[in-house]
There are 4 protein chains.
Amino acid sequence: MLNVAILGGSGYTGGELLRLLCGHPQVNVAAVTSERFAGSPVSDSFLGFRDPALKFEPLHLKTLMKKADLFFLCLPHKTSQKSVASLHRAGKKVIDLSADYRLKSARIYKKWYNTPHLYSNLLKKAVYGLPEIYRNEIRKASIIANPGCYPVSALLGLSPVIGKGFIDRNTIIIDSKSGTSGAGRTPAQPFMFCEVNESVKAYAITVHRHTPEIQQELSFLSQKKVTIIFTPHLMPMDRGILSTIYVRLNRKMPLSNVQKLYRDFYRNEPFVRVLGNGIYPTTKAVKGTNFCDISVFKHEGQGQTLIIVSAIDNLIKGASGSAVHNMNIMYGFQETAGLLSSSPSP
Amino acid sequence: MLNVAILGGSGYTGGELLRLLCGHPQVNVAAVTSERFAGSPVSDSFLGFRDPALKFEPLHLKTLMKKADLFFLCLPHKTSQKSVASLHRAGKKVIDLSADYRLKSARIYKKWYNTPHLYSNLLKKAVYGLPEIYRNEIRKASIIANPGCYPVSALLGLSPVIGKGFIDRNTIIIDSKSGTSGAGRTPAQPFMFCEVNESVKAYAITVHRHTPEIQQELSFLSQKKVTIIFTPHLMPMDRGILSTIYVRLNRKMPLSNVQKLYRDFYRNEPFVRVLGNGIYPTTKAVKGTNFCDISVFKHEGQGQTLIIVSAIDNLIKGASGSAVHNMNIMYGFQETAGLLSSSPSP
Amino acid sequence: MLNVAILGGSGYTGGELLRLLCGHPQVNVAAVTSERFAGSPVSDSFLGFRDPALKFEPLHLKTLMKKADLFFLCLPHKTSQKSVASLHRAGKKVIDLSADYRLKSARIYKKWYNTPHLYSNLLKKAVYGLPEIYRNEIRKASIIANPGCYPVSALLGLSPVIGKGFIDRNTIIIDSKSGTSGAGRTPAQPFMFCEVNESVKAYAITVHRHTPEIQQELSFLSQKKVTIIFTPHLMPMDRGILSTIYVRLNRKMPLSNVQKLYRDFYRNEPFVRVLGNGIYPTTKAVKGTNFCDISVFKHEGQGQTLIIVSAIDNLIKGASGSAVHNMNIMYGFQETAGLLSSSPSP
Amino acid sequence: MLNVAILGGSGYTGGELLRLLCGHPQVNVAAVTSERFAGSPVSDSFLGFRDPALKFEPLHLKTLMKKADLFFLCLPHKTSQKSVASLHRAGKKVIDLSADYRLKSARIYKKWYNTPHLYSNLLKKAVYGLPEIYRNEIRKASIIANPGCYPVSALLGLSPVIGKGFIDRNTIIIDSKSGTSGAGRTPAQPFMFCEVNESVKAYAITVHRHTPEIQQELSFLSQKKVTIIFTPHLMPMDRGILSTIYVRLNRKMPLSNVQKLYRDFYRNEPFVRVLGNGIYPTTKAVKGTNFCDISVFKHEGQGQTLIIVSAIDNLIKGASGSAVHNMNIMYGFQETAGLLSSSPSP
């Protein structure tokens, strides 16, 4: 059994990670930390989790290092930065669910997160944990920068076409709709039930921090600088991200060819489902699962524009499920271990 | 008091129209029809409406013509086509909430609605009932083609800029999110509570019938052929449309200039509110009202792109409220009469 | 025009009161206070309210007294206690939406609110503002203790039968279900969207502070001590209270007789609708309105038990609408002035 | 591997059963039937289930009998009656999720279901599939009458006390709140999103068909005739039943004693969790799981009244999860096999 610890486990991401890891056949959850709830049972924070034995502990890295070999970090950025470095120095493996090691450039990190990155050497070691793209690197990684939720939905939607020459990488528009769990569990008026319910809104237009992350990865894949337009929206629902992506083709191409390209690209992927022609992804169909559903459409008349729709569960494929998937790859477990729950309907 | 009749009054649009007209100081609702519920009290269909006196009647135009001078039609398309013609021939005024008289071209109508238009001469007489654009024509109209819900949100978002030379009319993308009441009240599995709740999906990509309507009006306004990309989405909420609109500028222009242009364009409009810089429209802020809230943002990096966000209540500004607004203009009532309810929070 | 002020106007009750008063033909809202938001426009707190002119001011009673004659207090209990006393001393009329003047006994107040009542002489002067019971007293009152939301739904459900000898007042069970706006607008984890959505729970069993208020009024009406069982529940919706009330009959009595009794009791009430036999109240049918819908059922087999169901909008009939109704009675306005909006569907 | 068939598999209960059985390590789903969707892939009906191989077949018992040994019936009542009899005659084991074999008395069945029971001899053979009460009988059963959703929540709430002498079995009131999936998947206006959302209502007061089922089992347990008052309510959420149960004690008894009684009664039950003193069950904490959470409170003042709150997922513990649990017991599998998914938060 692999001993793992979850640092910062009282939020939605931590809770979901805990749930998945507790159901994993090869893992033992040796510790979960929370500064705010240290000493109190985990089951007080997650009503569905009624094992009274497991308690939150404080974030004492030295104590924790004796208990576990792999560390999942669900800490706020900046805090995460340092903890990752300390754990790495001690020879521990780390899957960091914060944004701290996702951006390869310390300069861009500072620009978007308003704080310097103190471990820019480690930025190079960290592997961006999107298994569909970086499986081989993940296998050998000691630090995984687990991707952001919006980036997962955007990158899986665009990866099959961004590298080929036939889309105009200067026309990418990503219009994303997210459930409220993406905003975290800390109380704040905009995320109170009565503010969110029966409402939809855009937010952080042109300034959302997932923008540079998506741009970095699309630039890597296309080997050219990519600038995107990314507009996130807040939806009155718990979970799920639906991204509707618009991008122009450079040349005429039948939709069926593009669809085949997607099917081929994801043929062996256990968690990406390319839907049949004309079938629409829904967040409900992936809720509670590690799947990403993708469908491709085409519009003619403004030239040729692809309309790619992708759906994920932001807390699973967009966070904790990906983290478990990364662990499975790192440790040679079956890739789907602990991740095969299917989506309830409803 | 103006005697009005509502034809096809048992759906959501009819119900909301009835509610607004019953609160209007210069209007008497003389009749409401429903084939399915003829004979039964209106209050059986709308639980909030408990006046037991008002009953649904069958759609006998001759009987109805004796009772009212102005007719609101919430009938299915094709049925509406004929009723409008009969009422017009009898000298009655008509506000048609169906799509039957919105498209000026009988050919385009047939292409999108799969049925011929039998009264193409009347298409020319019908005025597209968007007061912010056609106020003068509405004043003298005898047939109003009341706009579709998505078109209202899209056209109000684009009108201030489409006519000027500085946007590239070949780059318009309209990504719209709608509450479920837009799908009507007829039972169907996709709109059952458990199918819609906790889910978001795109639908009718490239084939939604509001597309030619938006294109027609944008083409009129810009006096050039406009082809749009329009993607509607279904949201887990009762009401509201949020449209996020992307369009490229032809030249550099500061955002503040564009914002001023919007403020100027809508300066005297009672129902359009251009929000301050950086303020995001929400569907909740316009719920239950006839307001359209608009905010404009700008993205640089793919050239210059405007991101325009507009929010309306699909059943009011997107249907019944607009219809009442049109009536107010036609009959010289105060434009805001019966329409000044503000949005509850929450 | 009557000049009114709202003290503590940034929460849901204050916002709804503001909305109703702004639509009232005989009222001028001269001031709205908020300690937290003093100086900022009201429209920043209530997105649907976009009049930029009105600003929150701090709670300086002296300044406010010059501006208004009637004061609506939406302050926390204890704070309200003192402000009511000061305003009353200065000859102002007060409608207090807090709980501070509802309980006639300072002893019971202290027991349930953990703080002494410093103005027990004023408790006698304050009139419990339930118009259906205390209309005459309200007419002459200078201090109105506006009822709690659950008590309104419970008392209107029980008033027609509690005074007669035929129910067993020792068997009253009130099982109430409330929307989340009842919990107020202050951020707290239990009322975050993702905690409330898709969940229902009971809370404060046997210890909810509305219990003594209901008991007091039922005891007054029956002129005997009444002890109730009251169980509130939190529902995943914005607004509405549905109370399902169980009480045993002392003797056999046909349901139709009981129903007639309810119809007679509320015959002249503008805001209580006794529904027809077998028709179920829903919170949606009263949402956004000042109506209370009531229906009565009967169960045989455990003796004879009445099952009374009542529905209100907790923010309107359960708070701000009642406050406006009380004002209308105090000032001789038409009772329904400013309160006739009907319920949208949906 | 045990070969099983699901008859009537296109509704919510069937879908959830399919999901659970597909994740069960000792089961092979050999066939799923649907008259309406025969020939089409199961994944068309359940978007989350994307295995294109499995198709709905028509209800040909002869064909089906060759494929499977255990049959789960999610058919409408009356249809189920006959199919159970045919399968039983052919030596197959049956778990019937309809109501057809739950009532032991053909007379009571006829009274509540308006149709005669043609196999009253089989009624005696059928075992009521509530494992916490009938585990031994289930082990040997060939026909399981799987309990109704409301009855599960009510019976688990009352079982620990009904058999003892200390409650007054003539005072039981069960006030239940259910998510909308309990109404099934067939389109009908009352269960459309816009009708259910933002609303709560009672329904079927005194006439709900689960009443005789609860009464039968409580009567068996107490060995005396029990008459209950049962009021179901429809909630704006997908899943979950919360039952708030009121019953008077015959004598004084400290709450802690009652709580101990519950803990003892369920000590070895894998799926019932008696919560700590003052902890409230929520439907969210059991959503997606086979757990029933129970908490007990006490009110003094009307004599001594227990207030018992129980929460289940209506589609799992209230239907398909119980069915799998019954199968596990019948076939000697581990009781929790295929049922250990925990509740996501949120």
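Lettering follows sequence order; numbering is per chain, from 1. Side-chain atoms are counted along with the backbone in the values below, which use heavy atoms only and exclude waters and symmetry mates.
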query: Does the pair C:I173 and D:H299 meet the rule for a side-chain contact (heavy atoms from CB on, under 4.5 Å), with working shown?
result: CA-CA 11 Å; C:I173 292 175; D:H299 179 270; over 6 Å; no

task: Give me the contact list for residues 201-215 of chain D versus chain C, heavy atoms only, anything under 4.5 Å, ordered by residue number.
output: D:K201, D:A202, D:Y203, D:A204, D:I205, D:T206

query: Taking only heavy atoms into account, what residues of residues 243-262 of chain D are found under 4.5 Å from chain C?
result: D:T244, D:Y246, D:R248

- prompt: In Å and rounded to the nearest 0.5 Å, what is the CE to CE distance from D:M237 to C:M237?
  reply: 11.5 Å

- prompt: Does the distance from a Lys or Arg side-chain N to an Asp or Glu carboxylate O, for D:E198 and C:K287, drop under 4.0 Å?
  reply: yes

task: Return yes if some donor-acceptor pair links the side-chain N/O of C:K284 with the main-chain N/O of D:V196 below 3.5 Å, else return no.
output: no

query: Looking only at heavy atoms, which of residues 164-172 of chain D get nearer than 4.5 Å to chain C?
result: D:N170, D:T171, D:I172

task: Flag the one option from C:D175, C:T305, C:L242, C:N197 with the top tally of heavy-atom pairs under 4.5 Å to chain D.
output: C:D175

statement: Under 4.5 Å to a heavy atom of chain C? For D:V309 that would be side chain

- prompt: Ignoring hydrogens and geometry, is there a side-chain-to-backbone donor-acceptor pair from D:T283 to C:V200 under 3.5 Å?
  reply: yes

message: Strictly less than 4.5 Å between heavy atoms, which residues of residues 217-229 of chain D line up against chain C? Please order them by number.
response: D:T227, D:I228, D:I229

